[in-house]
There are 2 protein chains.
Amino acid sequence: MLDRSNRANNRERNLLAKTSFMKHLSPAALESLLDSAQIISLPARSIIFREGESATAIYCLLAGYARLYRMGKDGRQADFRICTPGEVFAECLVFGGTHYPYSAQAAENVSLARLDAKDVRDLAERDPTVAKAMIAALSEHLIVTTETLVNDRLHTAPQRVADYLLERCPVDSGSASIRLPFQKNLLAGMLGLAPEALSRAFSSLKRAGVSVRGRVIQISDVKALREM
Amino acid sequence: MLDRSNRANNRERNLLAKTSFMKHLSPAALESLLDSAQIISLPARSIIFREGESATAIYCLLAGYARLYRMGKDGRQADFRICTPGEVFAECLVFGGTHYPYSAQAAENVSLARLDAKDVRDLAERDPTVAKAMIAALSEHLIVTTETLVNDRLHTAPQRVADYLLERCPVDSGSASIRLPFQKNLLAGMLGLAPEALSRAFSSLKRAGVSVRGRVIQISDVKALREM
DNA sequence: CGCTGTCTTGAATTGGGTCAAGGGCCGTGG
DNA sequence: CCACGGCCCTTGACCCAATTCAAGACAGCG
């Protein structure tokens, strides 16, 4: 699975230290984590870990995007989170789990930091800033996942797409332009849609002033979009 | 909102102390929490807190069931978790949030312990056993919520109902009998279904040997049910 | 220029929501 | 003990959203 694996260099240490997971750690804890972190680069589509594998590490994404998903026994798979640079994942097993409860795959070329779960656990027991960071990350993920679940149950595909666009709209009114950070394929999965359904959702948003060209989305009237 | 509010008596302290959230706390932390806990009894259907309210406390359910849900702007509401006795909720805001991100309602007569969020936060910073308990609770909830989300996306209504039944089947094969702990109404919400859909799901499970009479579910062949 | 992979469009199907009516269960009161 | 009324649950009919399957458009790239 590893095509390259080593200590973090200066650039990587800086990236990691700015991460929301690490930025409030005590200097000692930060250094200990940075020293023990393994940096791994993987090509697109590699499996980072598979659900059911015994879990020895948590990860922090440095560059690229990663899919977290589970599969049904019929082979279909459902994404429940797309990780963006700076985020941690698999952190839910630092206390409790011994096996990964889901799979992770590189959606493009990624570079990530691998932190030994036991190290983090020990550190969290000794250093309250580490525990606090864990709690903050878990809370955040719990809230986001809950929101996703509720959105699925409450909103239709066009509404969810509109929500997604509005969340990353720089402005509150007037017009805006957004560039999707990844393939529509991935976006569809993260919204719980088949790719075709995403396509149709976009085209049904045309009437609300949304136009799509490749990865670039033009919104003519943000306020109007917010209504529906 | 409060119809009775006071310190925990011995019975209540015992209940709380056995809770998965509290059972591994240091004696000092446990006592401090028990001393500051407020015990509240509420009749069925009371609102415990409403989404958007400023959040000052987290809760631990002692008896009865509680719905956690959010509402869409059209007034429809979606449950995402049903709390059972012994569980904590609203714990996600101990670090981070200042307002409840969802609403909580008593599904029947409930009694619950109210813990001041700031107390818990301070305690967690000082006492690693408290932080650890928070981390464990958050991890657990994150995993369960993730599972729910994935189930929604991957499985049909009858499959989700079958899953629910199998999860609380004492045995692995042969026949089994389960008594639902609450109204079908509530079960429907927790599975993300309209009550009618739950009904239909049950009746479509008849062919798999599931028979329903009131709250009692008979499963003639657990192994057969597990297949579908 | 053709190729490969991504995206879109169309038609058929299905799962589940909604609305409206009927049935069972239980508590209350006669 | 039975009758009544309310509440929850079930059933049926209808409809809409979204998946699936299949085919075509489009882009980037050799």
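Below, read A as the first sequence line, B as the second, and so on, with proteins coming before strands; counting in each chain starts at 1.
- Between the side chain of E227(B) and the backbone N or O of A224(B) there is no donor-acceptor pair closer than 3.5 Å.
- Of the possible donor and acceptor atoms, one in the side chain of R168(B) sits under 3.5 Å from a partner among the backbone N and O of Y164(B).
- Residue Q159(B) contributes atom CD, which lies 13 Å from atom C1' of dT14(C) at whole-angstrom precision.
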Give every donor-acceptor pair under 3.5 Å between a side-chain atom in residues 174-186 of chain B and any protein atom, sequence neighbours left out.
from    : atom 1 : to      : atom 2 : distance (Å)
K184(B) : NZ     : G214(B) : O      : 3.0

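- Under the 3.5 Å distance criterion, the side-chain polar atoms of R70(B) are left unmatched by any main-chain donor or acceptor of E147(A).
- In this structure, CG of L154(B) is placed 17 Å from C1' of dG16(C), rounded to the nearest angstrom.
- Judged by distance alone, with hydrogens and angles left aside, the side-chain atoms of S139(A) form a donor-acceptor pair with the main-chain N or O of C92(B) at under 3.5 Å.
- Rounded to whole Å, atom C1' of dC26(C) lies 13 Å from atom CZ of R215(B).
- Using a 4.0 Å cut-off between a side-chain N of Lys or Arg and a carboxylate O of Asp or Glu, R160(B) and D152(B) qualify as a salt bridge.
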Query raised in the report: In dot-bracket, 5' to 3', how would DNA chain C read with Watson-Crick or G-U wobble pairs under 3.5 Å, [ ] for crossing ones and | for pairs to another strand?
Result: ||||||.||||||||||||||..|||||||

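- The environment of CZ in R215(B) is crowded: more than 12 heavy-atom neighbours from other residues, nucleotides or ligands sit within 6.0 Å.
- As a whole-Å value, the separation of R213(A) CZ from dG28(D) C1' is 16 Å.
- If you take CZ of R153(A) and P of dG15(C), they are 19 Å apart, rounded to a whole angstrom.
- Distance CZ (R45(B)) to C1' (dC8(D)): 11 Å, rounded to an integer number of Å.
- Across all non-hydrogen atoms, the minimal contact from A90(A) to Y100(A) is CB-CE2, 3.9 Å.
- Atom CG of D79(B) is separated from atom P of dG17(C) by 13 Å (rounded to the nearest Å).
- Listed nucleotides: dT9(C), dC9(D), dT8(C). Nearest to the side chain of K184(B): dC9(D).
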Report summary line: Scoring nucleotides 15-21 of chain D by protein non-hydrogen atoms under 4.0 Å (B base, S sugar-phosphate only, - none) yields ---SBBB

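- Relative orientation of the Y102(B) and F80(B) rings is perpendicular, given thresholds of 30° and 60° on the angle between their planes.
- Summarising the geometry, the separation between CD on E108(A) and P on dT6(C) is reported as 13 Å, rounded to the nearest angstrom.
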